[in-house]
**Student:** 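Please see the structure below; I have some questions.
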Number of protein chains: 2
Amino acid sequence: MHSDSIKVPKFTLKRLPLYYRCLRACLDRNQEYVSSEQIGKAAQVNAVQVRKDLALFGAMGTPGVGYCVADLKAKLEEVLGLNNVNEAVLIGVGRLGRAIIDYPGFERYGLHIVALFDSNPELIGTQVSGRPVFSTQEILHIIRRLQIKVAIITVPAEYAQSIANVLVEAGIRAIWNFAPAVIEVPSHVVLRNEDLAAGLATLFHYLAERNE
Amino acid sequence: MHSDSIKVPKFTLKRLPLYYRCLRACLDRNQEYVSSEQIGKAAQVNAVQVRKDLALFGAMGTPGVGYCVADLKAKLEEVLGLNNVNEAVLIGVGRLGRAIIDYPGFERYGLHIVALFDSNPELIGTQVSGRPVFSTQEILHIIRRLQIKVAIITVPAEYAQSIANVLVEAGIRAIWNFAPAVIEVPSHVVLRNEDLAAGLATLFHYLAERNE
DNA sequence: TAGATTGTTAATCGATTAACAATC
DNA sequence: TAGATTGTTAATCGATTAACAATC
């Protein structure tokens with residue numbers, strides 16, 4: 001049931017969420033049509049690039065007018081798979097974990113976090129933002145029973161790899177690692193190592209450039 | 001005093017932090033030498049790519065042996081400017097803000113968050129993780145006095161743009177926006193719109209691909 | 001019609017990969 | 001010496017930009 005007959009290039013895929021955000025903002029303003037120029041400005045991308053990206057899955061723009069916001073938004077939701085629900089678990093209910101649980105946008109992207117895990121006895125058995133917290137001892141058992149395929153790691157760096165190992169054993173197919181540590185998994189598991197600090201390098205670089 | 005005689009390509013710059021992370025891990029294991037193969041595996045990048053990236057700023061590898069971990073780490077710190085201290089403020093002391101204040105790695109990257117701002121009267125005047133919280137009313141005044149150039153936005157989406165406007169007025173030169181909203185700033189200000197949910201699109205895409 | 005903006009082709013640019021000699 | 005791994009050149013690949021006719 002995947003609408004993946006369309007092969008979306010890697011870089012286009014990274015830009016689409018930015019376009020989507022812009023469309024949501026347009027809708028909030030009751031704007032009916034939007035130009036590639038405007039989308040590009042919001043996404044910090046060239047307008048031609050925007051049109052080309054959109055053309056990949058049957059662009060529906062009107063010359064002289066632009067794109068119908070509602071139509072384009074619906075189309076993007078389809079391509080990005082925002083209508084598919086993916087259940088996920090999150091391991092590590094610290095500050096970062098809590099921030100992610102409540103980050104507005106994850107739910108919107110179809111990511112339902114259904115269970116949390118932590119090693120802190122004070123948290124186990126409680127609810128955080130409406131989700132039950134289980135012991136990390138139970139990861140294997142619970143994930144297998146619930147047949148969850150996506151996991152988010154927000155534990156301290158030193159535990160990230162061993163948690164990942166357990167997750168893989170439990171049958172997890174995709175891991176999103178926010179812990180500030182490099183982890184490795186077997187090739188059949190999709191891994192995304194998110195490094196929040198990495199963006200800093202880019203930011204500082206451009207800042208230094210502007211000051212020259 | 002910028003060592004920017006070396007022009008680092010955009011994509012290389014994005015990979016360097018990942019290499020750096022790997023080097024730190026090697027050092028923790030007391031590993032003396034590391035191969036481009038190993039770095040590449042950790043960073044999910046081709047080994048040739050790694051060597052080419054490193055060669056850009058005078059590679060120091062030894063054929064048949066690899067790179068000296070300590071030397072390479074020091075070199076990367078120089079290129080990434082991790083030794084320069086950048087003072088910053090953070091606006092929005094919610095879950096996300098707190099997570100970022102304490103995220104291990106920001107300090108390591110030379111980002112010192114020196115002041116916080118929030119509109120919640122209960123927080124104003126208190127300290128969070130050792131930083132004073134000021135009223136958002138005082139942004140203009142305080143940033144100008146402290147001559148801060150970098151700001152991190154972690155307020156709810158609907159306030160992001162108006163906060164950004166004030167920051168620009170206060171003389172901020174670089175904005176790192178974690179609020180789930182697109183914001184726009186004058187061209188003399190460096191802007192990075194971070195979309196935590198954007199990574200999800202990539203993750204789901206690969207996941208769907210594997211399942212075909 | 002005139003102005004705006006799209007869709008697309010061709011040209012450019014830069015990133016990635018392949019191949020291999022050089023070196024420890 | 002044999003094996004491992006680097007550094008670099010050349011070839012490929014894909015992304016970005018420029019140009020412009022087509023369309024509303």
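Order of the sequence lines sets the chain letters (A, B, ...), proteins ahead of strands, with each chain counted from 1.
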**Student:** Between A:R51 (side chain) and A:S36 (backbone), is there a donor-acceptor pair under 3.5 Å?
**Tutor:** no
**Student:** Using a cut-off of less than 4.0 Å, is there contact between a side-chain N or O of A:S36 and OP1 or OP2 of C:dT6?
**Tutor:** yes
**Student:** Nearest whole Å is fine: how far is D:dT16 C1' from A:Q44 CD?
**Tutor:** 17 Å
**Student:** Only Watson-Crick and G-U wobble pairs with both distances less than 3.5 Å should count. Give DNA chain D in dot-bracket notation, marking inter-strand partners with |.
**Tutor:** ..||||||||||||||||||||||
**Student:** When you check the side-chain N and O atoms of A:N165 and A:E169, is any donor under 3.5 Å from an acceptor?
**Tutor:** no
**Student:** Strictly below 4.0 Å: does A:R51 bring a side-chain N or O up to OP1 or OP2 of D:dT16?
**Tutor:** no
**Student:** Output the rounded distance in Å from CD1 (A:I39) to C1' (C:dA4).
**Tutor:**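 A:I39 atom CD1 is separated from C:dA4 atom C1' by 16 Å.
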**Student:** Check B:P17 against B:Y109 and note the closest heavy-atom contact, atom names and distance.
**Tutor:**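 Scanning both residues completely, I find the closest heavy atoms to be CB-OH, 3.2 Å.
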**Student:** Round to a whole Å and report the spacing from CZ of B:F57 to C1' of D:dG7.
**Tutor:**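 Atom CZ in B:F57 sits about 14 Å away from atom C1' in D:dG7.
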**Student:** Do the side chains of A:K41 and A:E37 get close enough for a salt bridge, i.e. N-O under 4.0 angstrom?
**Tutor:**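 So A:K41 does not pair with A:E37 through a salt bridge.
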**Student:** I'd like to know if A:E87 and A:R131 make a salt bridge, using a cut-off of under 4.0 Å between side-chain N and carboxylate O.
**Tutor:** no
**Student:** Output the rounded distance in Å from CG (A:L72) to P (C:dT6).
**Tutor:**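 Taking atom P of C:dT6 as the reference, CG of A:L72 is at 11 Å.
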**Student:** Compile the donor-acceptor pairs under 3.5 Å between side chains in residues 146-156 of chain A and protein atoms, sequence neighbours left out, one pair per line.
**Tutor:**
| unit_1 | atom_1 | unit_2 | atom_2 | d |
| --- | --- | --- | --- | --- |
| A:T154 | OG1 | A:I91 | O | 3.1 |
| A:T154 | OG1 | A:G92 | O | 2.6 |

**Student:** Taking 4.0 Å as the cut-off, does a side-chain nitrogen or oxygen of B:N46 come that near to OP1 or OP2 on C:dT17?
**Tutor:** yes
**Student:** C:dA18 P sits how many Å from B:Q49 CD, rounded?
**Tutor:**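 Distance check: B:Q49 CD to C:dA18 P gives 12 Å.
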**Student:** Go nucleotide by nucleotide along DNA chain C from the 5' end; which of A:F11 and A:S35 gets its closest nucleotide reached first?
**Tutor:**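 The answer here is A:S35.
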**Student:** B:T62 side chain: which of C:dT17, D:dT16, C:dC24 is closest?
**Tutor:** C:dC24
**Student:** Among C:dT6, D:dT16, C:dA18, which is the nearest nucleotide to the side chain of B:V48?
**Tutor:**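 Of the candidates, C:dA18 comes closest.
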**Student:** Return the value, rounded to whole Å, for the distance between atom CG of B:L56 and atom C1' of C:dT16.
**Tutor:** 13 Å
**Student:** Using whole Å, report how far OH of B:Y33 lies from C1' of C:dC24.
**Tutor:** 11 Å
**Student:** Surrounding OH of B:Y159 (heavy atoms of other residues, nucleotides or ligands, distance under 6.0 Å), is the total greater than 12?
**Tutor:** no
**Student:** Decide if the gap between the ring center of B:Y67 and the ring center of B:Y19 is smaller than 6.0 angstrom.
**Tutor:**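 For B:Y67 and B:Y19, the ring centres are not under 6.0 Å apart.
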**Student:** So which nucleotide from D:dT6, C:dT16, C:dT6 ends up closest to the side chain of A:P63?
**Tutor:**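 Among the listed nucleotides, the one closest to the side chain of A:P63 is C:dT6.
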**Student:** Does C:dA4 have OP1 or OP2 under 4.0 Å away from a side-chain N or O of A:Y67?
**Tutor:**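 The answer is no; no side-chain N or O of A:Y67 sits under 4.0 Å from OP1 or OP2.
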**Student:** Which nucleotide in the set C:dT8, C:dT16, C:dA15 lies at the smallest distance from any side-chain heavy atom of B:K52?
**Tutor:**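 Nearest nucleotide to the side chain: C:dT16.
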**Student:** Can you work out whether A:K10 or B:G64 has the more 5'-proximal nearest nucleotide on DNA chain D?
**Tutor:**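 Going by which nucleotide is closer to the 5' end, it is B:G64.
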**Student:** Assuming nearest nucleotide by heavy-atom distance, tell me which of A:G61 and B:D53 is located more 5' along DNA chain C.
**Tutor:**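 Residue closer to the 5' terminus by nearest nucleotide: A:G61.
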**Student:** Using whole Å, what does the distance between atom P of nucleotide D:dT8 and atom CE of B:M60 come to?
**Tutor:**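 Nearest whole value for this atom pair: 13 Å.
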